[in-house]
Amino acid sequence: MLFSSMSFIYVFLPVVCFLYLAARKELHNPILLIASILFYAWGEPRYLAIMLVTIMVNYLGALLIEKYPLKKKLTLVLTVVVNLGFLIYFKYFNFILENINALFHTNIDFIKVIMPIGISFYTFQAMSYLIDVFRGECKAQKDVYKLALYICLFPQLIAGPIVKYHDVAEQIDSREVNFEKVDIGVKRFIIGLAKKMLIANTMGAIADKIFIQAPDTFSPLVAWIGSLAYTMQLFYDFSGYSDMAIGLGLIFGFRFMENFNYPYISKSITEFWRRWHISLSSWFKQYLYIPLGGNRISQNRTYINLAIVFFLTGLWHGASWNFIFWGLWNGFFIILEKMTGWHKETDKPFINFLKHLYTIFIFVLGWVMFRADNMHYALTYIKNMFGLVKVHDISYGISYYGDTVEVLTFIIAVVCAMPVFSKILEIKQERKFLRSIVNIWLIILFILSTAAIAASTYNPFIYFRF
Amino acid sequence: MKKRVLLSIVITGIAAGLSSPYWLYREPVNVTFEAEGKGQTTFEIVLNKKDDDLFSRNNKAKLEVNLDTTSEITIPVYKAKHPKRFQIIARQDFQEGGGGLRLRNIKVGGHTLDLKQFYANSCSFKVDKNSILITDLTNFSQLFSKEKLNIVPKPVFDAKVLTIILILSYLLAYKLTSYAADFKSVKNKSRIEILFLTVFFVLLILPALKINDEIYNKGENRKLAEYKPFITKNEINYNFGKDFNSWFSDRFFGRTSIIHLYNKLRFLLTGYIYNQGEYYYNKKTRWAFSTEWHSTGDLSKNFTVYEKNIKKLEDFCNKNGINLYIVLAPVKGEVYPDAIYPYKIKFNTGKKFEEYINKSSGRKMVTYPLEKMQEDAKKEYAFPQGDPHWSEYGAYSAYRVLMQNIKKDFPDIKILNDDDFNIEKKKFTRTDYPGTYFNKGHEYNTMRISIKNNNTLYPSYESKFADKLQIVTHDSRASADSFFPYGNPEKAYIIGTSFSENLYLFLRYTFKEVKKRRINNSFEPPEFKMSRWEKEILEFKPDIMIIVIQSNGINVFSELYGGEK
């Protein structure tokens with residue numbers, strides 16, 4: 001089920017909210033667990049089996065680690081192998097076959113498999129639990145239902161944030177649901193929904209119109225419009241989803257970590273990755289970069305560790321070479337910044353301005369790789385952005401890509417990507433007028449977002465479409 | 001305390017007002033008729049509050065009966081205050097060539113309806129002296145009456161219900177105000193935030209309060225998604241989630257209004273080109289387009305596949321003494337390349353296809369009337385501004401070119417000209433519907449935006465011998481047989497998409513006997529396979545077969561004899 005669907009917002013959410021808020025505290029976890037399972041099974045019930053197996057494997061694995069400390073390393077390795085086995089099979093198997101075929105000129109058939117939704121997220125969450133238990137940072141969860149709730153908690157199940165076990169273990173046992181949390185949670189949910197429906201989708205429509213065409217059939221200006229539109233789409237889509245997840249978490253009493261912190265204002269790629277998809281980068285930092293030695297061994301080893309981390313970050317995002325190149329692209333600039341000290345803070349405004357431009361330039365080009373179907377497309381597209389491609393057969397004029405609504409949305413997107421309204425949910429009680437304005441505006445945003453969802457279901461039959 | 005009592009009284013008053021339909025209402029309007037047919041049949045009566053064809057404000061009632069022979073049926077329609085128009089929907093599980101259903105003596109609130117004023121949307125029917133015969137009852141047969149009703153049912157006052165509502169509302173309101181007061185004082189929360197959350201949660205439950213149970217949505221011109229249970233016939237429906245979402249998204253309370261509001265807002269904010277999904281509307285030129293309506297795409301690489309299937313079809317025709325013709329209807333953007341700015345035409349597949357097939361067949365089998373239509377379009381609208389299909393004028397232009405090509409094989413054939421018609425300028429009517437019934441407001445319906453003051457007039461052609469034409473329609477695939485005594489003696493068989501409809505307006509007066517068959521309609525997926533029609537063609541023995549496909553749809557020739565769909 002998607003947060004931005006009519007059945008989630010207007011059927012699932014009110015029913016779960018009503019049951020949860022009306023029920024006794026002891027019933028909160030069972031209600032959430034049932035709701036989470038239902039939420040997951042909604043789209044594809046068969047893949048629930050994989051998630052349930054993941055829960056059981058990690059539950060038993062953690063208990064064994066705790067019970068047999070001498071063999072805990074072996075148990076950890078075996079359990080991680082099972083976790084990654086599922087992930088590799090469903091997400092990367094065909095990619096591996098494709099590369100084997102290309103490398104050895106073989107013709108091995110692809111397997112028919114559909115990737116279970118959210119598998120990358122819940123697998124990482126499950127491994128977080130296991131490693132935390134292995135390190136002794138927390139105790140193995142004896143109650144399988146509580147562990148199941150941690151792994152499949154519906155607000156963050158499909159698109160994060162990737163909640164680490166040690167961050168929520170206590171909250172699963174006991175948490176307070178109060179008026180403030182519900183109030184802020186609802187507001188965060190509305191903001192997230194509006195980001196997704198009103199900004200991300202509008203920007204996405206522009207990007208789709210451009211990226212669907214051959215990369216040498218539009219002008220460099222259009223190529224830049226496409227990459228900037230996609231830059232906005234990705235941020236608002238992903239951070240919108242995170243906002244909705246954090247908001248829903250609050251409604252049910254959980255406090256999840258922030259996943260985005262205005263990444264587009266960064267002045268270096270290093271800073272960008274401290275602000276973008278924070279839960280993933282901190283996961284990689286805690287469970288991969290530091291165990292590899294981090295920056296404690298030697299400078300060269302630090303660079304190698306960073307390259308490994310960003311290679312895997314790219315791969316985590318998708319089974320395709322363009323994701324890997326995108327990861328390495330980011331890793332390359334982070335290493336470069338470390339070598340030159342470019343990422344260090346300075347108080348010179350002009351230098352900061354240049355640094356900011358540099359960062360935007362790097363991540364925008366990176367997003368082209370991220371969006372493209374393959375690296376060949378991405379490279380031709382990037383060349384086109386700099387006028388290095390002979391453009392032919394231009395199909396559309398510039399106004400095909402957007403009108404007033406799109407331009408207006410883009411301006412709003414740029415403004416809201418900066419911390420202009422960052423304190424909007426923290427207005428003091430005494431400032432009643434301002435609070436009222438914000439509340440009314442949020443309700444309007446909610447109605448508009450619903451209208452956008454409803455409008456997307458408007459599907460007239462045109463006889464001509466044949 | 002006084003405040004609470006006063007507030008409770010006010011809330012009770014509001015509750016009584018809102019619940020008035022339950023204690024002060026009108027008697028039901030009884031709809032009675034005799035039904036003659038067989039099988040489990042569901043009748044749905046829809047009484048429209050307005051005197052229009054849209055049936056957007058209506059009261060409904062349903063009844064399922066097992067028909068054997070003739071049954072007297074009475075269906076009470078509740079809450080119908082002052083109905084103006086009548087509609088009846090009859091449903092049976094669809095069976096190709098299934099039996100008919102005869103309706104007699106249809107009375108609404110005691111008033112007998114004039115059967116001659118009935119028209120259909122999705123079924124074929126005949127009117128005899130005192131009955132209507134739905135010739136092939138399908139899973140959705142919808143009949144409308146044009147007759148304006150004047151029925152005012154008697155009011156009924158139910159004091160008992162009002163008493164219950166008043167007492168219960170007061171008690172509930174008193175308790176609620178007490179609860180709200182406690183909440184305020186105990187929790188000490190800001191009223192602004194309480195109000196905010198209240199509004200949010202009220203909004204959250206509104207859409208599910210009432211589910212639209214309509215089968216068909218006229219505005220969208222499609223059937224709405226049906227509810228499919230999680231378990232059916234001992235099988236788990238693994239798509240339940242998706243099915244449920246489709247069902248709910250199609251039917252939640254206030255859907256039409258909120259979509260209209262959203263699109264209106266976006267339309268207002270748009271300066272030049274309004275875009276909605278794949279549809280575009282140029283606010284300056286007032287032309288609507290979609291990417292599909294505009295460009296044909298380059299399909300020439302598959303010509304050999306199409307040629308192979310067309311050759312097979314031609315062999316079938318030759319074997320049975322039939323002359324085959326293919327009309328390639330130019331798409332809107334080919335005829336009007338300058339009417340919407342952001343597009344530029346790249347390909348001209350139609351021309352290439354015409355030349356390719358005509359060369360291989362050695363005759364003028366394919367007619368692609370682009371040049372003639374572009375020339376004629378300078379005088380009148382060959383396409384309506386807001387619809388993808390060619391206008392009657394556009395179809396007439398294409399008809400003349402087609403008939404010139406047919407005349408090369410049938411020299412004695414008479415081609416209709418302007419003198420054969422009464423040509424009158426009318427507001428555009430949707431090409432897929434009979435023009436008489438949908439003569440306003442539908443032009444831009446596909447975009448769910450209403451554009452007022454659009455008084456563009458389009459030529460409409462009515463034969464001078466229209467009264468001599470006989471039409472029998474068959475099933476929900478919009479098929480029709482026509483008989484015209486003054487037509488050419490050759491028999492014609494037409495297979496086409498929606499473009500065939502306006503062309504048929506002329507072809508049915510050209511030949512004595514014409515059978516028109518549709519490839520696609522709103523009820524079933526398109527299927528362009530000769531196996532659908534071969535048997536009938538052999539029985540009908542036509543002299544001429546005409547296939548009507550638009551120029552961006554020639555890829556369907558790959559599926560003519562199996563192959564991909």
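Heavy-atom basis, side chains included; hydrogens, waters and symmetry copies ignored. Naming convention: chains lettered A, B, ... in sequence-line order (proteins, then strands); numbering from 1 in each chain.
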Under 6.0 Å from the [atom1] atom of [X], do we count more than 12 heavy atoms belonging to anything else shown?
X	atom1	answer
A/F18	CZ	no
A/I212	CD1	no
B/F253	CZ	no

Partner set under salt bridge (Lys or Arg N to Asp or Glu O under 4.0 Å) for B/D243, not counting sequence neighbours: none

Test ring-ring contact (aromatic ring centres under 6.0 Å, His included) applied to B/Y504 - qualifying residues, sequence neighbours left out: none

Main-chain N/O of A/S7 paired with B/N245 side-chain donor or acceptor, under 3.5 Å: yes

Donor-acceptor pair, side chain of A/T404 and main chain of B/L269, under 3.5 angstrom: yes

Rounded to the nearest 0.5 Å, how far apart are [atom1] of [X] and [atom2] of [Y]?
X	Y	atom1	atom2	value
B/L203	A/I9	CG	CD1	11.5 Å
B/W247	A/M6	CH2	CE	12.0 Å
A/T450	B/L261	OG1	CG	11.5 Å
A/S436	B/F196	OG	CZ	11.5 Å
A/R46	B/Y238	CZ	OH	5.0 Å

Under 4.5 Å from any heavy atom of chain A - which part of B/L206: neither

Under 4.5 Å from a heavy atom of chain A, the part of B/L204 involved: both

For the student: nearest non-hydrogen atoms of A/D183 and B/E193, plus distance: OD2-OE1, 2.7 Å

Heavy-atom closest contact (B/I258 atom, A/A451 atom, distance): CG1-CB, 3.6 Å

pair B/F201-A/P14: side-chain heavy atoms closer than 4.5 Å: no

Validation row: B/Y274, A/V405 side chains within 4.5 angstrom (heavy atoms): no

A/A41 portion near chain B, given a 4.5 angstrom heavy-atom threshold: neither

Best-contacting candidate, A/D403, A/L13, A/V182, A/I190, against chain B by heavy atom pairs under 4.5 angstrom: A/D403

Residue, of A/N178, A/V186, A/I447, that accumulates the most heavy atom pairs under 4.5 Å with chain B: A/V186

Aromatic ring pairing A/F446/B/F200, orientation class (parallel under 30°, perpendicular over 60°, tilted between): tilted

Aromatic centroids of B/F248 and A/Y10 separated by under 6.0 Å: no

